[in-house]
Amino acid sequence: QVQLVESGGGLVQPGGSLRLSCAASGFTFRYYAMRWFRQAPGKERELVAFITSSGGTTTYADSVKGRFTISRDNAKNTVYLQMNSLKPEDTAVYYCNVFCSYSTTGCDSGMNYWGKGTPVTVSS
């Protein structure tokens, strides 16, 4: 089965940086686009960043443009989220996600898979 394991979260001061990692297994990672979501207390889960299977195209929520960078290393089956100039409103649990847009071994069409999340707290 698909497994996604996030790491790298923690406590950081406003203006600081963190890099999140998501280690993927159980499917052919290089075939699929990857996404980072976040969910703050009392708010809906929101899409933060998106990257195509090759890494050639990325998109971001307006709230993080210019500050966050999503990247991937298909040889390591890992997707990253570099977060710079962090603000208190970035405080949330960050989740790695894959949507199986088509079926291959380990990834059934129409299925979403999520990691357990890694918490990020931005506070002075």
Side-chain angles (χ1 to χ4, degrees):
Q1 289 188 338
V2 171
Q3 288 187 295
L4 303 171
V5 181
E6 303 97 336
S7 62
L11 174 65
V12 64
Q13 293 185 1
S17 297
L18 285 173
R19 189 174 81 152
L20 308 183
S21 298
C22 172
S25 62
F27 67 105
T28 306
F29 178 78
R30 64 185 173 87
Y31 288 169
Y32 295 98
M34 298 296 295
R35 297 168 174 85
W36 284 98
F37 287 77
R38 68 185 182 188
Q39 188 166 26
K43 295 186 178 180
E44 297 294 319
R45 190 170 298 188
E46 65 172 342
L47 176 65
V48 175
F50 165 93
I51 188 166
T52 55
S53 59
S54 68
T57 301
T58 59
T59 61
Y60 301 90
D62 287 343
S63 59
V64 308
K65 283 182 179 177
R67 300 187 298 119
F68 289 12
T69 303
I70 188 171
S71 62
R72 66 192 294 160
D73 187 339
N74 284 346
K76 295 182 178 179
N77 289 350
T78 302
V79 61
Y80 305 94
L81 186 67
Q82 178 67 48
M83 305 186 296
N84 299 327
S85 302
L86 284 161
K87 303 175 180 179
E89 51 262 47
D90 296 319
T91 296
V93 178
Y94 284 72
Y95 298 90
C96 182
N97 164 265
V98 61
F99 172 67
C100 300
S101 56
Y102 63 98
S103 291
T104 60
T105 301
C107 202
D108 293 332
S109 181
M111 293 295 294
N112 267 300
Y113 294 95
W114 302 86
K116 293 181 179 179
T118 186
V120 172
T121 301
V122 184
S123 177
S124 60

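Positions are given from 1, in the same order as the sequence printed here. None of the values given here were measured: they were computed from a predicted structure.
Thr52 places no side-chain N or O within donor-acceptor distance of the main-chain N or O of Ala33, the cut-off being under 3.5 Å. In this structure, the side chain of Thr28 does not engage the main chain of Arg30 through any donor-acceptor pair within 3.5 Å. In this structure, the side chain of Thr78 engages the main chain of Lys76 through a donor-acceptor pair within 3.5 Å. Panel note: side chain Arg45, backbone Arg38; no donor-acceptor pair is recorded below 3.5 Å. Under a 3.5 Å cut-off, the side chain of Ser124 and the backbone N or O of Gln13 do not form any donor-acceptor pair. Although no hydrogens or angles enter the test, the distance criterion places a donor-acceptor pair under 3.5 Å between the side chain of Thr118 and the main chain of Gly9. Between the side chain of Asn97 and the backbone N or O of Leu47, no donor-acceptor pair lies under 3.5 Å.
When the shell of 6.0 Å around OH of Tyr31 is examined, it contains 12 or fewer heavy atoms from other residues, nucleotides or ligands. Other residues, nucleotides and ligands contribute at most 12 non-hydrogen atoms within 6.0 Å of the CD atom of Glu44.
Annotation: cation-pi pair Arg35/Trp114 absent, no NZ/CZ under 6.0 Å from the ring centroid and within 45° of its normal.
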Passes side-chain contact (heavy atoms from CB on, under 4.5 Å), Tyr95 versus Cys22? Steps please.
CA-CA 9 Å; Tyr95 298 90; Cys22 172; over 6 Å; no
Determine, step by step, whether Ser25 and Asn77 satisfy the side-chain contact (heavy atoms from CB on, under 4.5 Å) criterion, reporting the C-alpha distance in whole Å, the side-chain angles of both residues, the deciding distance to 0.1 Å, and the verdict.
CA-CA 7 Å; Ser25 62; Asn77 289 350; 5.8 Å; no
Does the side-chain hydrogen bond (donor to acceptor under 3.5 Å, both in side chains) test come out yes or no for Ser17 and Asn84, once each step is laid out?
CA-CA 4 Å; Ser17 297; Asn84 299 327; 2.9 Å; yes
Give the intermediate values and the outcome of side-chain contact (heavy atoms from CB on, under 4.5 Å) for residues Tyr32 and Tyr102.
CA-CA 9 Å; Tyr32 295 98; Tyr102 63 98; 4.1 Å; yes
Passes side-chain contact (heavy atoms from CB on, under 4.5 Å), Ser21 versus Ser7? Steps please.
CA-CA 5 Å; Ser21 298; Ser7 62; 3.8 Å; yes
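Under a hydrophobic-cluster definition in which Ile, Leu, Val, Met, Phe, Trp and Tyr are linked whenever side-chain heavy atoms come within less than 4.5 Å, directly or via other members, Met111 and Leu4 are assigned to the same cluster. Both Val12 and Trp36 sit in one connected hydrophobic cluster of ILVMFWY residues. Membership requires side-chain heavy atoms under 4.5 Å apart, directly or through other members. Both Ile70 and Phe29 are members of a single hydrophobic cluster when ILVMFWY side chains are connected at heavy-atom separations under 4.5 Å. Under the 4.5 Å side-chain heavy-atom criterion for grouping Ile, Leu, Val, Met, Phe, Trp and Tyr, Val98 is not connected to Phe37 through any hydrophobic cluster. A continuous path of hydrophobic side-chain contacts links Leu81 to Ile51 [ILVMFWY only; heavy atoms under 4.5 Å].
Side chains of Tyr60 and Thr69: no donor on one and acceptor on the other come within 3.5 Å.
Each of Gln39, Glu6, Met83 was checked for a side chain to side chain contact (heavy atoms under 4.5 Å, CB included) with Tyr94, and the lone residue meeting it is Met83. Tested against Val120 for a side chain to side chain contact (heavy atoms under 4.5 Å, CB included), the candidates Leu20, Leu11, Asp90 yield a single pass: Leu20.
Centroid-to-centroid, the aromatic rings of Tyr113 and Phe99 stay 6.0 Å apart or farther.
Lys43 NZ to Thr91 OG1: the interatomic distance, rounded to the nearest 0.5 Å, is 9.5 Å. Arg67 contributes atom CZ, which lies 12.0 Å from atom CD of Gln82 (distance to the nearest 0.5 angstrom).
The shortest non-hydrogen separation linking Ser71 to Val79 is O-CG2, 3.1 Å.
A salt bridge links Asp62 to Lys65: one of the charged nitrogens lies within less than 4.0 Å of a carboxylate oxygen.
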